[in-house]
Amino acid sequence: RETFEGHQVLRIVPKNGVQLSLLRNLEEMMEFELDVWKGATRLSSPVDVRVPPHTMQAFKSFLETNEFEYSIMIEDIKAILDAERKQMEFAAR
Amino acid sequence: LGQPRNTDSFDYANYHTLSEIYSFQDMLVAENPDFVSKIVIGQSYEGRPLNVLKFSTGGSNRPAIWIDTGIHAREWITQASGLWFAKKIVTDYGKDPAITAILNNMDIFLEIATNPDGYYFTHVSNRMWRKTRKPNPGYSCPGVDPNRNWDAGFGLGGSSGYPCSETYRGPSPHSESEVRSIVEFVQSHGNIKAFISIHAYSQMLLYPYGYTTASAKDEAELYALAQKAVNSLTSMYGTRYTYGNIIDTIYQASGGTVDWTYNQGIKYSYTYELRDTGYYGFLLPPNQIIPTAQETWSSLMVLMDHAYKNPY
């Protein structure tokens, strides 16, 4: 079972056309192993991306280099998944 | 132990495994034998039944409404909402004048676990799985995005030809049995008047097209109806939706479900992106299930009522 330990979901907001077009190509950036949850649509519309721990630093550097504004939408996916599983088990009991 | 004995005691405020969904469907049919039936329209790649609940008060090949949830496996809020919708239809028929009138004249088909292999995989192995589970020869990445696999602009922009991509379109249109089974069902039925495919999460109500910038010939009506449906949804809990055609509202997406259904002549073809609290994405907490289903149902009623009152 994939535990998603250390995975985070970042929320990125494109502020100009250049940023928007960069975000539209996220899925092709294989080196970051990203999982695009919510793709780029228009300026100021947030993009959500799951990032594994081993590419986190590189991806954040990429964002900072290109002056993206981002926040951490989900700090620890594993914690949410663990809680979700416990809730299901509790409900089933 | 732990199993609900009937659909009244079923826990709609929690997520459920695939086997629990299958059991729920059988219970609902057993409790309402003259109203609800289960149709198996095909098998998934791994051999699971593709169950569709048919809600019908009689007649033969009546005009019908199709609703599907869960074609993207990880969008658990959609399957959970589908369970709630199924119970809601049964509960409200005979009590709510609007749904009663619809069901006295039309049938409703509801596919709750549209991608059962993927859904099962999200429970046992990878909660974030989106696609089907059929292997791709020559690649270690299995699965096809079933919302890029339809014969509507198949292979154009907004889908990928690379099997490891989340938006891999598959080798050919309708290559996935989960898609092909719906295609064959829709074509053999021939009288489906509204087709609603439910996804999560971006809070949108969308209509064709996704593969082309050309306007749907019914654009004005589809837009006005989307606006009315969204207003109804928002009035319940204040959840704000955007709406419009797919390509302008999100981005180009080819091979999509409702583009195909629209091209088949199903005028009222819509796709939803359900609630996003802004903090959880695909991991919406279970206490959000019922409010999400309630507000979505409110807007679904607008779409269904319009389809019933505007025959074509």
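These figures come from a predicted structure and were not determined experimentally. Lettering follows sequence order; numbering is per chain, from 1.
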Heavy-atom distance under 4.5 Å to chain A: side chain of B:Ser160, backbone, both or neither?
neither
Heavy-atom distances under 4.5 Å only: say whether B:Asn287 touches chain A with side chain, backbone, both or neither.
neither
Relative to chain B, which segment of A:Glu27 carries a heavy atom at a distance below 4.5 Å: side chain, backbone, both, or neither?
side chain
By a 4.5 Å heavy-atom criterion (distance strictly below it), what part of A:Phe90 contacts chain B: side chain, backbone, both, or neither?
neither
Heavy atoms only, distances under 4.5 angstrom: which of A:Lys38, A:Arg50, A:Arg42 has the most pairs with chain B? Name it, please.
A:Lys38
Contact between A:Met30 and B:Tyr162 at the side-chain level, heavy atoms closer than 4.5 Å - yes or no?
yes
Check: A:Ala58 main-chain N/O paired with A:Thr55 side-chain donor or acceptor under 3.5 Å:
no
Please classify the contact of A:Ala83 with chain B as side chain, backbone, both or neither, using a heavy-atom distance under 4.5 Å.
neither
Quick one, B:Tyr12 with B:Ile289, criterion side-chain contact (heavy atoms from CB on, under 4.5 Å). Give me CA distance, side-chain angles, the key distance, then yes/no.
CA-CA 8 Å; B:Tyr12 297 93; B:Ile289 294 171; 5.8 Å; no
Taking the six-membered ring of B:Tyr120 as reference, does the NZ or CZ atom of B:Arg48 fall below 6.0 Å from its centre and within a 45° cone about the axis?
yes
Donor-acceptor pair between B:Asp145 and B:His72 side chains, under 3.5 angstrom
yes
Show the numbers, then the answer: is there a salt bridge (charged side-chain N to carboxylate O under 4.0 Å, His left out) between A:Asp82 and A:Lys86?
CA-CA 6 Å; A:Asp82 289 347; A:Lys86 274 185 191 154; over 6 Å; no
Close approach to chain A in residues 270-280 of chain B, criterion heavy atom under 4.5 Å
B:Asp276, B:Gly278, B:Tyr279, B:Tyr280
Residue by residue, which of residues 130-142 of chain B have a heavy atom closer than 4.5 Å to a heavy atom belonging to chain A?
none
Does B:Thr249 use its side chain to pair, donor to acceptor, with the backbone of B:Ile246 at less than 3.5 Å?
no
For residues 199-214 of chain B, give me every residue with a non-hydrogen atom less than 4.5 Å from any non-hydrogen atom of chain A.
B:Tyr201, B:Ser202
Out of curiosity, A:Ile12 CD1 to A:Leu20 CG, how far, rounded to the nearest 0.5 Å?
12.0 Å
Does B:Asn245 reach the main-chain N or O of B:Asp248 with its side chain, forming a donor-acceptor pair under 3.5 Å?
yes
Side chain, backbone, both or neither: which part of A:Arg24 has an atom under 4.5 Å from a heavy atom of chain B?
neither
Under a 4.5 Å heavy-atom cutoff, which of A:Met73, A:Glu2, A:Glu28 has the most pairs with chain B?
A:Met73
Closest heavy-atom pair and its distance - B:His16, B:Asn14:
CD2-O, 3.0 Å
Going by distance alone, is a donor N or O of one side chain under 3.5 Å from an acceptor N or O of the other, for B:Ser254 and B:Ser159?
yes
Validation row: B:Asn149, B:Phe154 side chains within 4.5 angstrom (heavy atoms):
yes
Would you say A:Gln19's side chain and A:Asn66's backbone share a donor-acceptor pair under 3.5 angstrom?
yes
Mind running side-chain contact (heavy atoms from CB on, under 4.5 Å) on B:Glu176 and B:Tyr45 for me, showing each step along the way?
CA-CA 8 Å; B:Glu176 302 308 287; B:Tyr45 170 75; 5.9 Å; no
Is A:Arg85 close to chain B through its backbone or its side chain, or both, or neither, when contacts mean heavy atoms under 4.5 Å?
neither
Between the main-chain N or O of B:Thr7 and the side-chain N or O of B:Glu31, is there a donor-acceptor pair closer than 3.5 Å?
yes
Flag, side chain of A:Asn16 to backbone of A:Val18, donor-acceptor distance under 3.5 Å
yes
Start with the C-alpha gap between A:Ile74 and A:Arg11, add the side-chain angles, then the distance that decides, and say whether side-chain contact (heavy atoms from CB on, under 4.5 Å) holds.
CA-CA 9 Å; A:Ile74 298 180; A:Arg11 174 157 280 192; over 6 Å; no
Taking the side chain as every heavy atom from C-beta outward, state whether B:Gln79 and B:Tyr15 have any atom pair closer than 4.5 Å.
no
Under 4.5 Å, heavy atom to heavy atom, which residues of residues 121-129 of chain B contact chain A?
B:His123, B:Val124, B:Ser125, B:Asn126, B:Arg127, B:Met128
For B:Glu295 and B:Thr239, does a side-chain donor sit closer than 3.5 Å to a side-chain acceptor?
yes
Is there a donor-acceptor pair under 3.5 Å between the side chain of B:Thr78 and the backbone N or O of B:Thr69?
no
Taking every heavy atom of B:Tyr251 against every heavy atom of A:Ala40, the minimum-distance pair comes out as CD2-O, 3.2 Å
